[in-house]
Visitor: 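Dumping the structure here so I can ask a few things about it.
Convention: sequence-line order gives letters A, B, ...; per-chain numbering from 1.
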Amino acid sequence: MINSMLMWVIVAAPDGGEPSFSIAKMMAIIVSAIFINNYVLSRFLGICPFLGVSKQLDSAVGMGAAVVFVMVLATLGSWLVYHNVLVPNGMEYLRTITFIIIIASLVQLVEMILQKFSPALYDALGIFLPLITTNCAILGVAVLNIDDKYSLGYSLINSVAAGIGFTLALVLMAGLRERMETANVPEALKGLPLAFLIAGAMSIAFLGFAGLGG
Amino acid sequence: MLTLAAQITLVLATQQQNASILSAITGPVIAMGSIGLLLGLGLAFAAKKFAVQKDPRVEAILEVLPSANCGGCGYPGCAAFAIAVVEGNTSVSGCTAASSVVNAAIAKIMGTVAEEKEKMVATILCNGGKSAVDAFNYSGPSSCVSISMVMGGQKACTYGCLGSGDCIDVCPFDAMTMGDNGIPLIDSDKCVACGKCVDVCPRNIITLWPVSRKVVIACSSKDKGGVARKACSVACIGCRKCAKVCPADAVIIDGFLARINPDKCINCGLCASECPTGAIIDGIPVRPKAFIDTTCIGCTLCTRVCPTDAIEGSLKEKHTVIADKCIGCGQCVEKCPKKSIKMMGGVLSQQ
């Protein structure tokens with residue numbers, strides 16, 4: 001029973017077509033979401049927390065974990081609603097606004113549940129959860145999963161990989177910015193200007209991964 | 001005939017269009033409305049179901065706290081402190097930034113009485129600044145932490161203030177400014193002794209000092225007298241003159257560095273006037289003089305306590321103060337059984 005449900009989750013095709021699943025495509029999705037089409041450095045989504053929460057390595061890791069967590073939940077909720085509510089009624093054009101309210105309320109719900117049943121995890125993710133409720137990277141993953149016609153399984157894999165890619169970018173940025181704290185920087189570039197320059201340089205560096213996709 | 005037919009078709013067409021516009025609007029409105037309602041009801045239900053019991057006192061305490069989130073209490077922010085107070089993990093007067101009024105308000109919320117405690121002020125135990133000799137020219141990031149990483153800093157004295165003002169940057173209450181001498185000045189009115197500067201200083205020369213103790217040994221050099229003196233003209237050379245002259249035994253000599261015990265110090269300022277290098281700062285620049293009025297019964301208690309023998313007079317006769325000798329320490333005032341001695345003149349400075 002569980003096995004067959006699991007199979008359905010992984011292979012169910014959004015258009016009711018032939019269920020399919022291949023390791024190769026899964027790997028392609030993972031590598032693409034983490035490196036080639038990194039949500040922060042290539043798609044330029046979620047720049048706000050990328051610059052705001054990247055001053056310290058600890059908080060960057062916490063934020064990254066929270067983003068992975070919320071991305072998976074948001075993908076699950078939005079994929080199910082899109083294919084089971086919007087598509088049958090021919091209301092695909094309501095996608096953006098529907099996803100926003102689904103994600104926002106889902107995160108609030110998760111926050112309540114966490115506070116009740118896992119105060120430790122709530123304290124760890126605490127301030128980051130409401131912060132990323134309407135983060136565009138989260139919405140971006142949900143929307144792009146639909147655009148790319150991913151099955152639920154692929155969507156979930158994509159969302160985890162996108163979250164890991166976000167965390168990677170954030171952690172790299174935090175590491176660089178922590179180093180920059182003690183560097184001799186011209187007065188005018190201190191703080192955010194330098195962060196923007198670093199972000200640009202990192203984005204160019206990630207452009208190098210474009211060759212991976214073939 | 002033709003126009004009538006055209007009119008009918010037009011009316012029919014607009015009706016059809018109206019109907020399609022209506023359905024195009026109602027469909028999504030109903031869909032969005034029901035999704036929104038469903039999610040809203042779900043959240044409302046969840047809020048009731050997963051409600052976490054919060055102590056109303058936490059909110060109440062948070063309301064009266066200064067909300068500076070300075071961390072001086074040892075907790076990460078005012079909210080964490082409020083929770084700790086309610087849970088009984090810390091004292092009701094544990095907030096360093098709070099005035100006595102705020103402490104009393106918190107104590108009232110908790111149903112206890114706030115304990116009175118002496119106001120502390122951050123104090124820099126170095127007065128080197130421009131008096132301290134440079135060992136080499138440093139050019140790099142202007143931050144004390146960076147400077148201290150390069151061969152122990154550019155100053156010849158490896159204990160003193162580096163003068164880049166990391167403490168000024170970190171102060172959440174704007175209580176610190178850079179002085180002309182290259183040593184930060186601390187506004188004792190603004191300082192709440194949160195201890196951020198104490199933590200950030202790479203030299204560990206900032207300490208929290210009771211505000212009522214006006215005499216401070218502003219040097220942290222543990223070097224031998226000669227070495228310390230070469231590096232800085234206002235260094236403590238460990239000559240012990242202050243310890244000898246102190247009437248309250250408040251000065252302790254630790255190796256080559258004198259330290260004042262604030263619990264014993266009586267603010268007499270004798271050590272500051274005795275110090276050959278000027279390492280001791282007397283926070284009372286113009287000291288008052290003692291005057292004895294006619295109610296004096298000549299008990300001689302004051303003559304015995306005076307550290308400078310500034311009071312003369314024989315037994316059972318009115319005593320007088322020799323103004324030149326009086327240093328305004330105020331010990332005679334405390335000893336006098338008849339309250340006949342008053343301190344007059346004098347200026348209490350900030351620091």
Visitor: Among Ser146(B), Gly40(B), Pro28(B), who wins on heavy-atom pairs under 4.5 Å with chain A?
Guide: Pro28(B)
Visitor: Looking only at heavy atoms and a cut-off of under 4.5 Å, which of Ser142(B), Ala46(B), Ser139(B), Pro141(B) has the most pairs with chain A?
Guide: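 The residue among Ser142(B), Ala46(B), Ser139(B), Pro141(B) with the greatest pair count is Pro141(B).
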Visitor: Drop me the distance from Ile30(B)'s CD1 to Met91(A)'s CE, to the nearest 0.5 angstrom.
Guide: 8.0 Å
Visitor: How about Glu63(B): does its CD atom have over 12 heavy atoms from other parts shown lying under 6.0 Å from it?
Guide: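 Check fails, neighbour count at 12 or below.
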Visitor: So among Thr98(A), Ile97(A), Leu94(A), which one has a side-chain contact (heavy atoms from CB on, under 4.5 Å) with Ile35(B)?
Guide: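 Answer after filtering Thr98(A), Ile97(A), Leu94(A): Thr98(A).
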Visitor: Give a yes or no on whether Asp180(B) atom CG has more than 12 heavy-atom contacts from other residues, nucleotides or ligands under 6.0 Å away.
Guide: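 Result for CG/Asp180(B): open.
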Visitor: Under 4.5 Å heavy-atom distance to chain B, tell me which part of Ile102(A) shows up: side chain, backbone, both or neither.
Guide: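 The answer is both parts of Ile102(A).
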Visitor: What part of Ser143(B) gets closer than 4.5 Å to chain A, counting heavy atoms only: side chain, backbone, both or neither?
Guide: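 Neither; nothing under 4.5 Å.
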Visitor: Under 6.0 Å from the CD atom of Glu178(A), do we count more than 12 heavy atoms belonging to anything else shown?
Guide: yes
Visitor: Quick one: pull up CD1 in Ile113(A) and NZ in Lys49(B) and give me the separation to the nearest 0.5 Å.
Guide: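 Interatomic distance, Ile113(A) CD1 to Lys49(B) NZ, rounded to 0.5 Å: 10.5 Å.
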Visitor: Within a reach of under 6.0 Å around NZ of Lys190(A), are more than 12 heavy atoms found that belong to other residues, nucleotides or ligands?
Guide: yes
Visitor: At a 4.5 Å cut-off on heavy atoms, which part of Met112(A) comes close to chain B: side chain, backbone, both, or neither?
Guide: both
Visitor: Heavy atoms only: give me the nearest Ser105(A)-Leu43(B) pair and the separation to one decimal.
Guide: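 Minimum heavy-atom contact is O-CD2, 3.5 Å.
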